[in-house]
K.L.:
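My questions all concern the structure below.
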Amino acid sequence: MKRSGDMKEVGRSLPKIDALGLVRGTPAYTDDLAPREALCVVAVRSPHAHARILSIDAAAALAMPGVLAVFTWRDVPRVAVTRAGQGHPEPSPRDRFILDEYVRHVGDEAAIVAAETEEQAREAARAVRVEYEALPAVLDFETALDNPVVLHPEPEIHENFPIGFEPKRNIASAYGMSVGDVDAVVARSEVVLRRRYFTQAQQHVALEPHCACTWLDVHGRLNVMSSTQTPWHVRRIMARALEREVKEIRVVKPRIGGGFGGKQMLHGELFCALTTLRTGRPAKMVYTRREVFEATNTRHPMRLDVTLGADRDGTLRAIDLEVLSDTGAYGEHALTVFMVAGAKTLPLYNKVEAVRFGGRTVYTNRVPGGAFRGYGAIQGNFALESALDELAGELGLDPIVLREKNMIAEGQTSPIFAIMGEGTEGVEMIVESCKLPECIRRGKELIGWDAKGPRRETAPGVFRGLGMALAMQGSGIPTIDMAAATLKLNDFGSFNLLIGATDLGTGSDTILAQIAAETLGVPTGDIIVYASDTDRTPFDTGAYASSTTYVSGHAVRTAALKMREEILVEGARSLGCEPARATFDGSKVRGPDDAITLRDLSAKLLYSEHQKQLMTTGSHLCEKSPPPYMAAFAEVEVDADTGEVKLVDYVAVVDCGQAINPNLALVQVEGGLAQGIGMALWEEVVYGPQGHLRTRDLMSYKIPGREDIPVIRAELVASHEPSGPFGAKSVGEIGIDTPPAAIANAVAAAVGARVRDLPVTPEKVLKASSPDVR
Amino acid sequence: MNISLELNGRPATWDVEPGEALLDALRRHGVLSVKRGCDTASCGTCTVLLDGAPVPSCAVPAPRADGRAVITVEGLPDEAARLGACLAAEGADQCGFCAPGLVVAVVAMSRELEDPDEAAINHYLAGNLCRCGGYVSQTRAIRRYLQEAR
């Protein structure tokens, strides 16, 4: 594999290939491209947290102008599905139907209305008379287990393989594992720290609300355009839910206005499809922001109990992490998010004698949990990295020293890699790239760790504090994530790159073009990307689990290596020499005597001489999941009288292997940090006592604005992952993981206030402040 | 009801509903750069210039545009290309959903403020949210654009 110094296209901060088109406002998103004659689909949503639908009277609605159809649970196949866009069979329980007789959270769909215009559809939805029998609701996830109120008594629901699914006990999934005898090692440890932490529900708030449209093409096939991260999973799950064959459905993802995991679930697709299949008309469904809050998904809230056993010298001997996760009304990503809370945190401290992870995911009558950048790792990170800081305090050690003494290093492994996958077993893995020491050294320097000290008073009653956290993530799901890419040589030397990979706005189309260009030796501008179309591009599991660069990138590289070979063979034939005596530098095939340009060769191949289409496909199965790593440092200013926390500096140094496009890698980190800072300080999905959302718009739910984010300083360290394409690992999720812990640790350093439940609000800081500071 | 407006420098006569938002009227008439992000005038993706002033078009009733000039990013191709190039050069552009509204707001700012510093930029553009990029690279790109524009 080439080293970075020789590379022409990889490692360059090329502009995103769709940048100018999007800035100019070119129609590119689902709602821009939906057929203009599409019916508008609107849901009738439950006002109750839990209710049985006794009757639905749609007569008045159907009599209204423009209204074509009203669908209820009686009109849909009784087939249990999950809306989680995951591999087949899904590790999430199949616990819902397109529509059901029961509604399980405020905002759950009770019926679907289709009308000529959105206004007509919304008015008709208001006119549908639904008679509910309100049922008692489970709103506190700590009371869900074995609660007399059972959310899912329906007989058709099931797990696809053992995930600990016990719906009669309100358990969506359960898991446990241990290495060594944790209780015995804890009992022998000189210092034992037991702490309980809570993380909250967070909303993705992709600026483009969820949107889908459907139409029947000239062949009568159902075409779906959706703002989705997983076109193939959407197609497969739609086919099941609608009792259709997969081959009858095509799913296309156009440009998408942010995802962050929030579009790794199905939302409007099923309702549009139902409308199109029943009426023959194109249909579209555009969620309002309120619907995004009430009726999509949130990050799973968790209760995390951490026990650390250590010796006085800072040797960590045992970690025990017990998690209770709230999956809300449906079990989307219930098992896997909860497992990642352990699987992508515990290996950081791989030298312990004993480690245990376990717990459950429970149902409540709240907005379902779902995939969200960080995917459990951010929850686990907050607990583990907070607990380590507390332990450092007990031991009187610098928190960095404690971590350096115990953290994973290159050439090492963790038993957890093999034990815990995502819903299944994992795979053994030796860590081949881990630049945590460099990340820490550089981060300390940038934040001024040694110079500033953990705490100082900058004005009377105002304290600055420093905190830090380490993080790891993964790069794809081993033995599950698979991606493919096809390259087609065009006349006059350009290439079509057809990829199943799903660019959410991250720039993955660009970096995959860079990988193809680097491998072929051609400029990135000669690569024409077409992506994410189940009919016209090869397969890809989708954009999740930090997989695209590492897994799809490999597939692209393989396709390009095969294309190079074919070009050499055809070039040599044209030159009349043996392929072994020919070379290809990206512009010319050279033989011993003469040369032919790719431009001429490609034109000859298609028009005049030994005519044939050169087309190669590469596919790649993720075999291991090398973690990217990060060291992050927060400086906060805390007003001891008000508890107000101001973030003044945030430094993040990341090992993501070789960055294919450094600018695009950095903006992934910066954007992840901003979202993590939001979770640390402001963002929280809040419910009223009856289960109604109090945060259902951007006035009541605070995402960071540009005045809230201090100078974020993100850097990448030099790193090379031998198993990655051109040395790359992932970078999409790692950025979000550290802010909750690093900021909580900084607040604790500043005023002694240890906040163990997110977000870190002024009230909590005041309540937790040590009296001597105030 | 009929309204007459000047859209991106050209006269237009539209039939709009009294309660229709300018955002919806624009999109219904094929002006698709204007995005719906929040419904509460909180996110800035629907920003347009109304008689030169940046407004969230989701909060402006379409009839209020009668007799006035509306400019969207379709009417600012040069500015969009130049700011777009700066955003791309900084790697600041991500999903792009906020970009047209941001261009409109930045153009308004560059006409209103002379040589704004970073705090002034962040304050002026506080209503233009971005969820992908974390703002810092976007701010660098905007400063570069303003420098090049001078």
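Throughout, a chain's letter reflects where its sequence line sits, starting with A, and its residues are numbered from 1. Hydrogens, waters and symmetry mates are skipped; everything else that's a heavy atom, side chains included, is used.
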K.L.:
Are there residues of residues 38-69 of chain B whose heavy atoms fall under 4.5 Å of chain A's heavy atoms? If so, which?
P.N.:
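Against chain A, the residues of residues 38-69 of chain B that fall inside the cut-off (heavy atoms, under 4.5 Å) are Cys38(B), Asp39(B), Thr40(B), Ser42(B), Cys43(B), Thr45(B).
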K.L.:
State whether Glu683(A) and Arg131(B) are salt-bridged, where the test is any N-O pair (Lys NZ or Arg NE/NH1/NH2 against Asp/Glu carboxylate O) under 4.0 Å.
P.N.:
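Salt bridge present between Glu683(A) and Arg131(B).
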K.L.:
Any side-chain heavy atom of Arg36(B) sitting closer than 4.5 Å to one from Arg289(A)?
P.N.:
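The answer is no, as the side chains (C-beta and beyond) never meet within the 4.5 Å cut-off.
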K.L.:
By a 4.5 Å heavy-atom criterion (distance strictly below it), what part of Arg24(A) contacts chain B: side chain, backbone, both, or neither?
P.N.:
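Contact with chain B involves both backbone and side-chain atoms of Arg24(A).
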K.L.:
Can you give me the closest heavy-atom contact between Cys98(B) and Leu207(A), atom names plus distance?
P.N.:
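Cys98(B) and Leu207(A) have their closest heavy atoms at CB-CD1, 3.7 Å.
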K.L.:
Can you say whether Ala89(B) sits under 4.5 Å from chain A via the side chain, the backbone, both, or neither, judging by heavy atoms?
P.N.:
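Contact with chain A is through the backbone of Ala89(B) alone.
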K.L.:
Check Ala674(A) against Gly134(B) and note the closest heavy-atom contact, atom names and distance.
P.N.:
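Nearest heavy atoms, Ala674(A) then Gly134(B): CB-CA, 3.6 Å.
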K.L.:
Under 6.0 Å from the CD atom of Glu114(B), do we count more than 12 heavy atoms belonging to anything else shown?
P.N.:
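It does not: Glu114(B) CD has 12 such atoms or fewer within range.
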K.L.:
Is it the backbone or the side chain of Leu129(B) that comes under 4.5 Å from a heavy atom of chain A, or both, or neither?
P.N.:
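Answer is both: backbone and side chain atoms of Leu129(B) are under 4.5 Å from chain A.
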K.L.:
If you compare all heavy atoms of Tyr29(A) against all heavy atoms of Phe97(B), which two are closest, and at what distance to 0.1 Å?
P.N.:
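The pair with the smallest heavy-atom distance is OH-N, 3.1 Å.
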K.L.:
Check for a donor-acceptor pair, side chain of Arg706(A) on one end and backbone N or O of Asn128(B) on the other, with a separation under 3.5 Å.
P.N.:
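Yes, the answer is positive, given that a donor and an acceptor are paired below the 3.5 Å cut-off.
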K.L.:
Side chain, backbone, both or neither: which part of Leu102(B) has a non-hydrogen atom closer than 4.5 Å to chain A?
P.N.:
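It is the side chain, since no backbone atom gets that close.
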K.L.:
Are any of the side-chain heavy atoms of Asp93(B) and Leu22(A) separated by less than 4.5 Å?
P.N.:
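With C-beta onward as the side chain, the pair stays apart.
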K.L.:
Under a 4.5 Å cutoff for heavy-atom pairs, which residue among Arg373(A), Glu118(A), Arg713(A), His204(A) has the most contacts with chain B?
P.N.:
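Of Arg373(A), Glu118(A), Arg713(A), His204(A), His204(A) has the most heavy-atom pairs under 4.5 Å with chain B.
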K.L.:
Heavy-atom pairs under 4.5 Å with chain B: which of Ser13(A), Gly735(A), Pro27(A), Pro209(A) has the most?
P.N.:
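Max contact count across the listed options: Pro209(A).
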K.L.:
Would you call Glu17(B) and Glu119(A) a side-chain contact if the rule is heavy atoms closer than 4.5 Å?
P.N.:
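Not touching, per the 4.5 Å side-chain cut-off.
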K.L.:
If we define contacts as heavy-atom pairs under 4.5 Å, which of Val669(A), Asp18(A), Leu20(A), Val286(A) has the most with chain B?
P.N.:
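Among Val669(A), Asp18(A), Leu20(A), Val286(A), the one with the most close pairs to chain B is Leu20(A).
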K.L.:
Any idea which of Val667(A), Asp503(A), Leu504(A) has the most non-hydrogen atom pairs under 4.5 angstrom with chain B?
P.N.:
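Of Val667(A), Asp503(A), Leu504(A), Val667(A) has the most heavy-atom pairs under 4.5 Å with chain B.
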K.L.:
Looking at Glu670(A) and Arg140(B), does any basic side-chain N land under 4.0 Å from a carboxylate oxygen?
P.N.:
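Answer for the salt bridge query: yes.
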K.L.:
So what's closer than 4.5 Å to chain B heavy atoms on Pro710(A): side chain, backbone, both or neither?
P.N.:
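Only the backbone of Pro710(A) comes within 4.5 Å of chain B.
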K.L.:
How long is the span from the SG atom in Cys132(B) to the CZ atom in Phe260(A), to the nearest 0.5 Å?
P.N.:
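Taking SG in Cys132(B) and CZ in Phe260(A), the distance rounds to 3.5 Å.
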K.L.:
Quick check for you: among Gly672(A), Pro15(A), Gly705(A), which has the greatest number of heavy-atom pairs under 4.5 Å with chain B?
P.N.:
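Answer, by heavy-atom pair count under 4.5 Å with chain B: Gly705(A).
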K.L.:
Spell out, as yes or no, whether a donor-acceptor pair under 3.5 Å connects the side chain of Tyr135(B) to the backbone of Ile709(A).
P.N.:
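No, Tyr135(B) side chain to Ile709(A) backbone: no donor-acceptor pair under 3.5 Å.
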K.L.:
Measure the spacing between CD of Glu90(B) and CG of Leu664(A) and express it to the nearest 0.5 Å.
P.N.:
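Nearest 0.5 Å value for the CD-CG distance: 12.0 Å.
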K.L.:
Would you say the side-chain atoms of Arg36(A) pair up with the backbone N or O of Arg28(B), donor to acceptor, closer than 3.5 Å?
P.N.:
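Present.
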K.L.:
Begin from the C-alpha positions of Lys35(B) and Asp31(A) and carry the test salt bridge (Lys or Arg N to Asp or Glu O under 4.0 Å) through to its verdict.
P.N.:
CA-CA 9 Å; Lys35(B) 306 298 187 200; Asp31(A) 188 34; over 6 Å; no
K.L.:
Can you check whether Arg27(B) reaches Asp32(A) side chain to side chain, under 4.5 Å on heavy atoms?
P.N.:
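With C-beta onward as the side chain, the pair touches.
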K.L.:
Sort out for me which of Pro704(A), Ala714(A), Gly505(A) touches chain B most, counting heavy-atom pairs under 4.5 Å.
P.N.:
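Most heavy-atom pairs within the cutoff with chain B belong to Gly505(A).
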